[in-house]
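Okay, so here's the structure we're looking at.
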4 protein chains.
Amino acid sequence: MDIHINKNLQSAPEHQDRARMLIACPDGPGIVAAVSRFLHEHGANIVQSDQYTMDPAGGMFFMRVEFDLPELAHKLPELESSFTEVAETFNMEWNIYNTARKKRLAIFVSKEDHCLVELLWQWQAGDLDADIAMVVSNHTDMKEYVESFGIPYHHIPVTADTKPEAERRQLEVIGDDIDVIILARYMQIISPLFIKHYRNRIINIHHSFLPAFVGGKPYAQAYNRGVKIIGATAHYVTEELDGGPIIEQDVQRVSHRDEVAELKRIGRTIERVVLARAVKWHIEDRILVHHNKTVVF
Amino acid sequence: MDIHINKNLQSAPEHQDRARMLIACPDGPGIVAAVSRFLHEHGANIVQSDQYTMDPAGGMFFMRVEFDLPELAHKLPELESSFTEVAETFNMEWNIYNTARKKRLAIFVSKEDHCLVELLWQWQAGDLDADIAMVVSNHTDMKEYVESFGIPYHHIPVTADTKPEAERRQLEVIGDDIDVIILARYMQIISPLFIKHYRNRIINIHHSFLPAFVGGKPYAQAYNRGVKIIGATAHYVTEELDGGPIIEQDVQRVSHRDEVAELKRIGRTIERVVLARAVKWHIEDRILVHHNKTVVF
Amino acid sequence: MDIHINKNLQSAPEHQDRARMLIACPDGPGIVAAVSRFLHEHGANIVQSDQYTMDPAGGMFFMRVEFDLPELAHKLPELESSFTEVAETFNMEWNIYNTARKKRLAIFVSKEDHCLVELLWQWQAGDLDADIAMVVSNHTDMKEYVESFGIPYHHIPVTADTKPEAERRQLEVIGDDIDVIILARYMQIISPLFIKHYRNRIINIHHSFLPAFVGGKPYAQAYNRGVKIIGATAHYVTEELDGGPIIEQDVQRVSHRDEVAELKRIGRTIERVVLARAVKWHIEDRILVHHNKTVVF
Amino acid sequence: MDIHINKNLQSAPEHQDRARMLIACPDGPGIVAAVSRFLHEHGANIVQSDQYTMDPAGGMFFMRVEFDLPELAHKLPELESSFTEVAETFNMEWNIYNTARKKRLAIFVSKEDHCLVELLWQWQAGDLDADIAMVVSNHTDMKEYVESFGIPYHHIPVTADTKPEAERRQLEVIGDDIDVIILARYMQIISPLFIKHYRNRIINIHHSFLPAFVGGKPYAQAYNRGVKIIGATAHYVTEELDGGPIIEQDVQRVSHRDEVAELKRIGRTIERVVLARAVKWHIEDRILVHHNKTVVF
């Protein structure tokens, strides 16, 4: 079906040799110097660099470097291997991502379609630099729509009884090469076992300004509490319900005139904008997680 | 001391004969017609009128009417007495406020001065159409500053032991003609007995986006949770801590770079703006309270 | 094609007998009383009512009343005819809209699809209570997509030479029963003759915070000026380019890091949200135009 | 007079040895490596570092580094002298600022006091890490208030005839050691000659969202244009009226109900918040100017 023109199919040749490096380590003198010298000596040109020290006296240090290196794909294994020495000196956790390799997304959805539609639309417009590898749903509602984009749709029903079995099937269809799972208003709780497989790689959109209104029916809760502002929160999923590291939040003003249905309507736009931003930042390797908080560069 | 020129001392003659009417009653046909006909027949000209029906099928109806009536002060008693008949027909709770009679405020403060300073400054600039009758504090820090405006400052220390006695003294200095009490970062919990005297007439500023971060040290709570937006909430004080009807809220975006001290600094500006708005709306008779929610016209 | 389920096809039965009345007239005593008494005496129940007086001393008065009247469709002609007397007394311009009769929209689009997609999506989600009667475009890009919703797509090419002829054809396909025309990033200037046919009924989205950056390439203009906030403006089209009455505006913060392409990307979300709000308000009869300004109730 | 307790009098000992380095140069490989290596080799520990490249292919590169160096005051001359070599290699414009040396501000004001009051209040609260060396005004209104803080107040009247002479006197009282001039609603146009002395060191607050509503009476202009959002803009003063590099902007939503007086009232809070932010960023050496734009780190 050709009505959906995926502008993403043409890869942008300009950043073919660009990589991103994420580093977290205890703060100390000389880290920036060591990293930038290392990159310079290996022929890389730093395009963008961000640092943050949580607490100058003995806290954690976080860094994100974006650099260009001619023949990156060819040189990357050597670069990574050489960097080990620097990393060990400073006790770093680190990763280098080749931007030419697009991240692969699996989107989980139930019946509410707005977040899924937004992601598909941004992807199609070329604003989401990733591959949407599949959509997984406990319902069939969105099947035809998703498949019209040429994206596989896996319908895996979930009931209280079949939950473990359903998660097994989900892990099976996801396989080995999915980088991040997006819960785009997927209305099932994910088990600790599943979460363990994708630590800091499952992004959920919660339809309230967390930590206000944890749990079910947050718009009804917001209406009953009479708040003057509602919001949405994108966060990584952890074992604690709606308690994982917050990636992004946004809000909008409401009034006494807005009943629950209107709050939901307004909220839908906040949800899709907030989730899309969080996904974009994740696939651009902008997010570092430390304990229960995020550093977003 | 003449450096503080209170522009409020000159009363604005233009709205000498203006009144505001607030009405709450069960919804039903003919209310707006009855009220507007009543006012028209009594020679009043409606300048502004707002209505809201909570639930068209059997819910509550709220109305605020601002009107001009020549020789208002003279005619008001008669008007109120005549209106009783209309009010009884529709089972109304209602009030008429003569705008020429400024509301009298008592501001309670502890050590943090920013909310008090903002209120004094807006009052002095003529933006707060009320009389600040006194400031009450459990500390002496702001005494000289407040008195430089010619405003009485009552220092009433509060300790765990002396609390009931302190509240008795507070009620004593407040006396009989205070319309509204503003807790401008007053860091003491008000007793149910005290609240009873000023039901829906005590406005507090809570330094978080309620219902997130109820209780003490909300900025530290916000920092620990890693929220991306912080806020402040002005609400009427009820027996439930930080649980009263919300009048106004506002927020600002923060990032991982903002430590607790910076959150407090940013928060101070949100707090003073939000509290000042809530106070302004209260003294302009824009707020109706129903159960635990506000209607703000 | 059934993948697009238009939830709008089922009309909501609850508001079958609801109407909206818009009034503009010189201010004077007794208008609200006269209107509300009239409606009450004709058996209507006022559900919502808003007034605004531009200048209490001799200015214009604006009113919007939403009311329920049993058997509305049957009684409306009589009601309108009876109201003439009230209207003449106060020199009113006025209209009554039966909410059961959905407004008919024609959407004009060129190549950029985001505003059109948003309107179609909100319409499909049941958030836009109108009929999208047709899409008109000077390009064929969106033809297949639009037709997949069952909406007619008229491709009318426009060149400098063929402009008058193209507008004639546009007026022809629009015919007699289109209530409002939406320029959803339609990149052609509308002629004064065309505008005359649809005075205050053509809504355009301009991709800047007007009156900043009138004319072409506003994001490039914004980048060059180095603004820290960008925006979008929905307005009625008048003979003056980007100079018509503003309906709605919104903005988002940007930084020096955001180049023109990123400003456009951010702007697309602002544009679609702002345009959708303006269209919603128009079809809910919330907008009154006076000279070059709007009153939005 | 002791009612104003300037918490700024006690210098914070924690950052005694902290400096900030600002760099602008044509982009090229190895800049970050060279700078960070230089600092590391001289015993400095980088606390914070930000970079930005305007256009990766041959554009400008901007960098701000905050570092700690034991015995900074003692070692700074040597450090600066050694850095010359690095700077020449990359053709840098650069500066190093010792944070222990507070910037000295001169605030210019006319009759509107809100921006001045905000700056004084933030300074007094310890939120503005600078010395307010003097206030200069063409009126006497604020004299007593300013002097109550122990700050010299220079009254220099300005008329069309005496302007050049007035500017001479202003430059005279300012003398040689003022770092930045704040126009806190100073309603006189500054001459090109004066501007030349303080290139990118005069900060003005314009009471509109520039470039909308350049020139006089912007709130009246905004009211007449019927905008739905108003704003304020802090910018460096250049020869072009209201045309200098924008530092910060903010906005607030308004409606048709807000007349010019209300727009002014709302605007006053935006103005003071925006100006205070811009001043804070300037004194924290966060702003680099390139042509007519700012990079704010």
- [ ] Starting at CG of C:D127, measure out to NE2 of A:H114 and round the result to the nearest 0.5 Å.
- [x] 10.0 Å
Open item on the list: Under 4.0 Å between a side-chain nitrogen and a carboxylate oxygen: does that hold for C:E118 and A:R272?
Closed with: yes
TODO: Using a cut-off of under 4.5 Å on heavy-atom pairs, state which of C:V273, C:T269, C:V117 scores highest against chain A.
DONE: C:V117
- [ ] Could you tell me which portion of A:K280 (side chain, backbone, both or neither) has an atom closer than 4.5 angstrom to a non-hydrogen atom of chain C?
- [x] side chain
TODO: Identify which part of A:E262 has an atom lying under 4.5 Å from any heavy atom of chain C, answering side chain, backbone, both or neither.
DONE: side chain
Open item on the list: Does A:K264 have more than 12 heavy atoms from other residues, nucleotides or ligands lying within 6.0 Å of its NZ?
Closed with: no
